[in-house]
Amino acid sequence: MKAKLEHILRQCLESCFETGGLVRTPIPDFVVEIPNNPEHGQFATNLPMTLASSQKRPPREIAGVIVEALREKHPLLEKVEIAGPGFLNFTIRLEEWNRVLAEIITLGPDYGRSDLGAGERILVEFVSANPTGPLHLGHGRGAALGDSLCRILSFCGFEVAREFYINDAGLQIRLLGESIYSRWRQRRDPAAPFPEGGYMGGYIETLASEIDEIDALDALDPDEAVERCAEFGRQRMLEEIRSDLEAFRTTFDIWVSEKALVASGLLDEVLERTRARGDLYEQDGAWWIKTTLFGDDKDRVIRKNDGQFTYFATDIAYHLDKWKRGFTRAVNIWGADHHGYVQRVKAALMANGLEEDWLSVILIQLVKLWEGGTEIRMSKRAGTYVTLRELMDEVGVDATRFLFLVKNHDSPLDFDLDLARKQDSDNPVYYVQYAHARICSVFRKAAEEGMSLPEEPLEVLGRLELEEERALVRFLARFPSLLADVCGSHEPHRVPYYLTELASAFHKYFNLGTRIPEHRIVTRDAPRTQARLCLAAGIRTVLQNGLLLLGVHAPERM
RNA sequence: GCGCCUGUAGCUCAGUUGGACAGAGCAGCGGACUUCUAAUCCGCAGGCCGGGGGUUCGAAUCCUCCCAGGCGCGCCA
């Protein structure tokens, strides 16, 4: 509806230009929005004010010209008013709103789907954990965010690829191997040394006993044995990560191995190209890339003086590989502790001829865990951290995902275990789910009374006479533009907020019937009941579609 | 020291990309079940939007300077 209105306004301006009512100028950026104050209409625009300077006329006068031009056409509009310093306030005809509701019922699971992305190919890389240990809460937050964003983008017509980058080339994997090998040796010789900075978690011991059963490490020299342990650990941890993510309802299309990437020779190609452009130089026996040419604060080493490539080098190669695979845009979801790398990666990509905004990086802040009013401190090195798996087992996937998604990614998240465990309405996920279950229950009741949805919703929707009902219809109409906004802002947290607000409006409406029987959905008045069932069906559809985009179930009973 | 993020009710956070009088949930107090599910709803109370200055018709939102907190500033990965 908002998009329609914007379109109408543009058309209207064009006709004002043609008739000479307004001087032809470029159309400025203006907004159509839903005012907080209902007295300001169902929609409002600041268009006249944005035109004031180029037209050299007072906003209210311009508004008058526009209103005059609108008056003739557009059956959509019930009322247009000039208000305040030069706003236009719109009221849409009731029939139009009812048409939207009828459409929601027809579209069902497709309501909100769009071709906004026009098939644009976009690569979303997220989680990308080192396969050196189980996933922790930070990964969970990234998984929920990335997965939900992907669901929304593809619902809106983007062709999305979900990718997990496996950091399996560096010293971390070697250290994993050493840690496992050490634990294996300690099974016989408790005095065997444990590597400095090694992985302390109990899962290392599990891996050690697993490998003991299938592999004769005794027969190998230590170096080979560590190698074997590393490969075994990598493999097992990847399996575990993959199955944990699947349990978390997060799947990936592509798993890229850093090791394979390094072996592919792409790195040499990148270096050659960078050298050819003159953005590579040697100093102190190392190779440097001139990232300062593209907004970085200092140049960066990509090959150390010992001949080893830095992590940064493979990162550049990796991102160029994404580009070569034909994606017109890339989104990375990183922990906020990596923010220092954003500019240098972008700089390196620009040095290779890419546009700066080809890559956008979403940084997610830390997750802190709270229980009984105190913070549970976690340390990966010491192996004292709560895993995503434990959290899922403890509070369930629905609550975990919802609580991760409900906050903006750039503010730190306090995860309250006590709250997450609660099976009541304090827990926002149940509040929303309950609204859905309640509607399902209403339909069961209606069926008992022999009532169901009408064949032709438009014939009965005129019976939605309560202001609460009409406001609900208008609220449902916002869903598509909400999703469009999320595609642009990469802020899925707006969806749970919207759903919570919708659930609240529904619960409020439902409760009208507890005092006044005529306000119940199912009454003896058949046409009115049918109209209200339409409304309930519309709400149910939006709740279902919205929850699905969050990866949260919509239960029929609770 | 430099860079990024954050600062809104006692607590946790929204705030439609600069709009009209600042919102919600929890916590507190007081109410509503012979019901389509009370996992719900209604009412009361609670604010110098960290602070100062600026930009304009208009600022929680943009600029600038402070203050406080988090994170990052390796030829580590």
Donor-acceptor pair between A:D299 and A:Y281 side chains, under 3.5 angstrom: yes
Distance-only polar pair, side chains of A:D416 and A:W370, donor-acceptor under 3.5 Å: no
Pairing of A:R421 and A:E371 as salt bridge, 4.0 angstrom limit: yes
Do the rings of [X] and [Y] sit parallel, tilted or perpendicular, given the 30° and 60° boundaries?
{"X": "A:F510", "Y": "A:F506", "answer": "tilted"}
{"X": "A:Y431", "Y": "A:H507", "answer": "perpendicular"}
{"X": "A:Y341", "Y": "A:Y311", "answer": "perpendicular"}

Provide the distance between the two [atom1] atoms, one in [N] and one in [M], to the nearest whole Å.
{"N": "B:rC65", "M": "B:rG25", "atom1": "P", "value": "39 Å"}
{"N": "B:rA20", "M": "B:rU61", "atom1": "C1'", "value": "15 Å"}
{"N": "B:rA14", "M": "B:rC76", "atom1": "P", "value": "38 Å"}

Looking only at N and O atoms, is any donor in the side chain of [X] or the base of [N] less than 3.5 Å from an acceptor on the other one?
{"X": "A:H338", "N": "B:rG72", "value": "no"}
{"X": "A:H339", "N": "B:rC71", "value": "yes"}
{"X": "A:Y341", "N": "B:rA77", "value": "yes"}

[N] phosphate, OP1 or OP2, under 4.0 Å from [X] side-chain N/O:
{"X": "A:K508", "N": "B:rC41", "answer": "no"}
{"X": "A:Y431", "N": "B:rA38", "answer": "no"}
{"X": "A:K368", "N": "B:rG70", "answer": "no"}
{"X": "A:R557", "N": "B:rA39", "answer": "no"}
{"X": "A:S411", "N": "B:rA14", "answer": "yes"}

Residue A:D337, side-chain atoms from C-beta onward, closest of B:rG74, B:rG72, B:rA77: B:rG72
Nearest-neighbour nucleotide for the A:F510 side chain, B:rA38, B:rA77, B:rA39 considered: B:rA38
Under 4.0 Å protein heavy-atom contacts per nucleotide of nucleotides 19-25 of chain B, with B for base, S for backbone only and - for none: BBB----
Geometric cation-pi criterion, A:R275 with A:W287: 6.0 Å, 45°: yes
